[in-house]
> 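One structure coming up, written as structure tokens, with questions to follow.
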Number of protein chains: 2
Amino acid sequence: MDATETAKRTATASAATGRGRGRRQGYATGDARRARILNIALQEFGENGYRGTSLARIAERAELTQAGLLHHFRSKQELLTAVLDLRDAMDAERLDLSNLPDGGEPTLLALVALVEHNARQPGIVQLFTVLTGEAVTTDHPAHGWAQERYRLLSTSIATALQHGVQAGELRADLDATACAQQVMAMMDGLQLQWLLDPERMDMAATFRAYIDGLLKQISA
Amino acid sequence: MDATETAKRTATASAATGRGRGRRQGYATGDARRARILNIALQEFGENGYRGTSLARIAERAELTQAGLLHHFRSKQELLTAVLDLRDAMDAERLDLSNLPDGGEPTLLALVALVEHNARQPGIVQLFTVLTGEAVTTDHPAHGWAQERYRLLSTSIATALQHGVQAGELRADLDATACAQQVMAMMDGLQLQWLLDPERMDMAATFRAYIDGLLKQISA
DNA sequence: GTCTATACCGAGATAGAC
DNA sequence: GTCTATCTCGGTATAGAC
């Protein structure tokens, strides 16, 4: 379910259908409208963070009024939550956490592939980086989401590594939890530098080099 | 935080910042007030980010009105800049980038010491993490600061590593630039997880373990 | 389902008295 | 140097017409 695609299709469809009564035409059906709003909101939250984004701006880009937008999402918070859910769904297509490849090396190489994919998706990466930074504050609406995300990711990766240890693929003295946290930290930290200064950072290559070195170190 | 304590530390920073109001004021009381405001602002920006912080709240905690605050700092932006300068000055006491220890290993161990220090300073760490995340956006008032900071840090560390290579201490095939970026990324990424969930992360130990492994890998 | 209109609030900044 | 008062703007959310 690619929402971007849906949004594009909607734009043309609604323009052609034009089921508005009265002076303006081009009203879309509810669900398509929602998808379009969600996609724009995803971009805006990524570019300006939660606090830096206004509903009016999103509404404008989605070609309705701010009040109209609030018919679909009753509050800004609710919109954010929906965006985070969308992002998670998109992620799940790329990397199924509940079904990581078998063994330590395949798991780490899957992460390399993910970073390579991300290097072509600055918008999505930025949404994550900006919101996670904001969400460090305990009372931020995305705080719980960010915590939950890290817990899920770190235990998933740690478990995969632990399996590698048990299979004799990785060294018996490996601290799987710490290693998983380090790998995630490297991903996030490189993303930050890459977003700030894309010219100076070949994110995918630098991450791959890190994983290569790591594998040499932890392989049995 | 103790305002008078910080007033001393601030001396250089505020002189460098230059508030441009020249000769006419009594510096004794003026600077103490400024220092107090700066410290509170540092906490608030760290807790809520730039956009999430209001001058009124800072003023209230500093026990004056918002208009009174704006007598010392003519705008919110100016206050942020002063806070960033203060932070840099505090950092410089811990780690003099223009005078890193000689050689690769001593440099990396100095970073370990820095992380150990940071693990006892969540407020400062959070200021950095929150603002850097926010500042990914190109039009954020701290964007230039963040870029500059990374450039300075990465070239300093890379240069130190390169010296280690030339001295035969580190492997000749080391990519000093990439390695410096990785080390910074690890610091930032671990900070993020630590701030979100302090219980689950022994930041100092995890970073030290990373550096230990790295040294084994890159030593000649 | 979308609109217009508006209530309501909080922000940053300025003017001018003391 | 600090205050009160005020301006102006932009934000979220609601009410009610169509």
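A, B, ... follow the sequence lines: proteins, then strands. Residue 1 opens every chain. FYI, side chains are in, hydrogens and waters are out, and symmetry mates aren't considered; it's all heavy atoms of this structure.
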> Atom CZ of B:R34 and atom P of D:dT2: how far apart are they, to the nearest Å?
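Atom CZ in B:R34 sits about 12 Å away from atom P in D:dT2.
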
> Of the candidate nucleotides C:dA11, D:dT14, C:dT2, which contains the atom at the shortest distance from the side chain of A:L64?
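The answer is C:dT2.
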
> Quick one: the side chain of A:Q66 and the base of D:dG11, do they pair up donor-acceptor inside 3.5 Å?
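Looking at the base of D:dG11, it does not pair with any donor or acceptor on the side chain of A:Q66 (distance under 3.5 Å).
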
> CZ of B:R208: more than 12 outside heavy atoms within 6.0 angstrom?
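Counting other residues, nucleotides and ligands, CZ of B:R208 stays at 12 neighbours or fewer.
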
> CZ of A:R94: more than 12 outside heavy atoms within 6.0 angstrom?
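Atom CZ in A:R94 is not packed in, count stays at 12 or less.
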
> To the nearest Å, give me how far apart NZ (B:K76) and P (D:dC9) are.
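Rounding to the nearest Å, NZ of B:K76 and P of D:dC9 are 18 Å apart.
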
> For A:L70, report the nucleic acid contact type (base, sugar-phosphate, nothing); a contact means any heavy atom under 4.0 Å.
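Answer is base: heavy atoms of A:L70 come under 4.0 Å of a base.
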
> Would A:T177 and A:L161 satisfy side-chain contact (heavy atoms from CB on, under 4.5 Å), going step by step from the backbone distance to the final call?
CA-CA 9 Å; A:T177 302; A:L161 294 176; over 6 Å; no

> What is the distance, rounded to the nearest whole Å, between atom CD of A:E44 and atom P of D:dG11?
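For the pair A:E44 CD and D:dG11 P, the rounded distance is 11 Å.
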
> I want to verify a distance call: between C:dA5, C:dT14, D:dG11, whose nearest atom is closest to the A:S54 side chain?
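Comparing C:dA5, C:dT14, D:dG11 against the side chain of A:S54, the answer is D:dG11.
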
> Assess, by modelled atom type and distance only, whether the side chains of A:R149 and A:T132 contain a donor and an acceptor separated by less than 3.5 Å.
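A:R149 vs A:T132: no donor-acceptor pair found between side chains.
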
> Just to be sure I understand the rule, does B:T65 reach a base, reach only the sugar-phosphate, or reach nothing, if contact means heavy atoms closer than 4.0 Å?
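The answer is base, as B:T65 lies within the cut-off (heavy atoms under 4.0 Å) of a base atom.
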
> Tell me whether the side-chain N/O atoms of B:R74 come closer than 4.0 Å to OP1 or OP2 in C:dG12.
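No, B:R74 has no side-chain N/O under 4.0 Å of OP1/OP2 on C:dG12.
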
> Closest to the A:R33 side chain: C:dT2, C:dT4, D:dA5?
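Side chain of A:R33 sits closest to C:dT2.
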
> Taking atom C1' of D:dG10 as reference, at what distance in whole Å does atom CD of A:E60 sit?
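Nearest whole value for this atom pair: 14 Å.
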
> Of B:V83, B:I37, B:I58, which is the lone residue that meets side chain to side chain contact (heavy atoms under 4.5 Å, CB included) with B:F73?
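Passing option: B:I37.
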
> Would you say C:dA11 has OP1 or OP2 under 4.0 Å from some side-chain N or O of B:R51?
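So the side chain of B:R51 is outside the cut-off, no N or O lying under 4.0 Å from OP1 or OP2 of C:dA11.
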
> Take the protein atom NE2 of B:H72 and the nucleotide atom P of C:dG12, then report the distance between them rounded to whole Å.
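After rounding, the gap between these two atoms is 17 Å.
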
> Let me know the distance between CD of A:E78 and C1' of D:dA13, rounded to the nearest Å.
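It works out to 13 Å between those atoms.
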
> Roughly, in whole Å, what's the span from NE2 in A:H71 to P in C:dA5?
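Those two atoms, NE2 and P, are 20 Å apart.
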
